[in-house]
Protein chains: 2
Amino acid sequence: MSPPRSPQVRPPHSAADVELARLARALAHPARVRIVRLLARRGECVCGQIVLDLPLAQATVSQHLKVLKAAGIIHGQVDGPRVCYCLDPKALKRVKELIGGL
Amino acid sequence: MSPPRSPQVRPPHSAADVELARLARALAHPARVRIVRLLARRGECVCGQIVLDLPLAQATVSQHLKVLKAAGIIHGQVDGPRVCYCLDPKALKRVKELIGGL
DNA sequence: CAATGTTATCGTGTATCTACGATGAACGAT
DNA sequence: ATCGTTCATCGTAGATACACGATAACATTG
């Protein structure tokens, strides 16, 4: 038997498209781009220092950090009462690969 | 007179941060990434063909095309009743520069 | 244990995004 | 002029994003 004839096959989005969209989404806010640049320059940074650099409330910065962390772009390491954030080089490399492939 | 002593100077986001965020935002949806890939592969494409390839309604696709166009990533050229879309290589290059600079 | 300092989360208000059907605008063909 | 085709826009519903103050969670210090 031949497979059923679909009049129009429109497959869902590919994994690569979803992945790139997810990463782009994480960078889709000036504050988050700024945090990434900050971490690139300083290597690592405690949350409080990031808050002092951005023109945003602490709660808002924490939210942006959460978005970047969920996307795997940064990692947070607890250090006593503080949390030290740093970039994930692999994730950043992946972003560059995917964007470069466009 | 010395300038007034601000307790904390937290400048607004830089132009580069805003620009990258704006471009990343345009790519922050699987359908839009997919359209970019489609145009990269085919060189150019009329709207109707894009609609046929995506699992979305025509109105939704048109909206995504508008987002990409507003970000300068694609251009649309009217050709009779059709509109032919193509990538803007300069915008794409700019995205790669900005991402590469992270 | 109490007080302090640091960060995350909650709750909330506003705005933007995403999807769609319906409608409108523009063009070519009859 | 009237179709049919193609695409954009409108209107709208539901979801998500963004910003903030308030509060909770947790570790350190006294």
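All chains are named by letter (A, B, ...) in the order of the sequence lines, taking the proteins before the strands, and each is independently numbered beginning at 1. Note that this is a predicted model, so its numbers are computed, not measured.
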* From Leu39(B), Asp88(B), Ile73(B), Val33(B), residue fulfilling side-chain contact (heavy atoms from CB on, under 4.5 Å) relative to Leu68(B) ->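 The option that passes is Ile73(B).
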
* Applying the side-chain contact (heavy atoms from CB on, under 4.5 Å) test to Arg32(A), which of Gln63(A), Arg37(A), Arg25(A) qualifies? ->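 Among Gln63(A), Arg37(A), Arg25(A), the one that satisfies the side-chain contact (heavy atoms from CB on, under 4.5 Å) with Arg32(A) is Arg25(A).
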
Value in whole Å for how far the [atom2] atom of [N] lies from [atom1] of [X]:
X	N	atom1	atom2	answer
His29(A)	dC17(C)	NE2	C1'	14 Å
Leu68(B)	dT18(C)	CG	C1'	14 Å
Ile74(A)	dA8(C)	CD1	P	9 Å
Leu65(A)	dT7(C)	CG	C1'	10 Å
Lys66(A)	dA19(D)	NZ	P	15 Å
Arg82(A)	dT29(D)	CZ	C1'	12 Å
Gln77(A)	dA8(C)	CD	P	13 Å
Leu56(B)	dT18(C)	CG	P	11 Å

From the list [options], which nucleotide is the closest neighbour of the side chain of [X]?
X	options	result
Pro81(B)	dT5(D), dC20(D), dT6(C)	dT5(D)
Gln63(A)	dA19(D), dC20(C), dA8(C)	dA19(D)
Gln58(A)	dA22(D), dC18(D), dA22(C)	dA22(D)
Arg25(B)	dC7(D), dC27(C), dT18(C)	dT18(C)
Cys47(A)	dT28(D), dG21(D), dA8(C)	dA8(C)

Does [X] make a side-chain N or O approach to OP1 or OP2 of [N] shorter than 4.0 Å?
X	N	value
Arg32(B)	dT18(C)	yes
Thr60(A)	dA19(D)	no
His64(A)	dA19(D)	yes

* Asked: For the side chain of Lys96(B) and the backbone of Leu102(A), is there at least one donor-acceptor N/O pair under 3.5 Å apart?
  ->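 Yes: the side chain of Lys96(B) pairs with the backbone of Leu102(A).
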
* Asked: Base, sugar-phosphate, or nothing: which does Ala59(B) touch, judged by heavy atoms less than 4.0 Å apart?
  ->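 Contact class for Ala59(B): base.
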
* To do: Give Val46(A) one of three labels, base, sugar-phosphate or nothing, depending on what nucleic acid heavy atoms sit under 4.0 Å from its own.
  =>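 Sugar-phosphate contact only.
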
* **Val61(A) side chain near Gln58(A) side chain, heavy-atom distance below 4.5 Å** =>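 Heavy-atom side-chain distance check fails, nothing below 4.5 Å.
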
* So which one's nearest nucleotide on DNA chain D is more toward 5', Ala28(A) or Val78(A)? ->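 Closer to the 5' end of DNA chain D: Ala28(A).
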
* Asked: Looking only at heavy atoms, which two atoms of Ala31(B) and Leu54(B) are closest? And how far apart?
  ->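 In terms of heavy atoms, the two residues are closest at O-CD1, 4.2 Å.
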
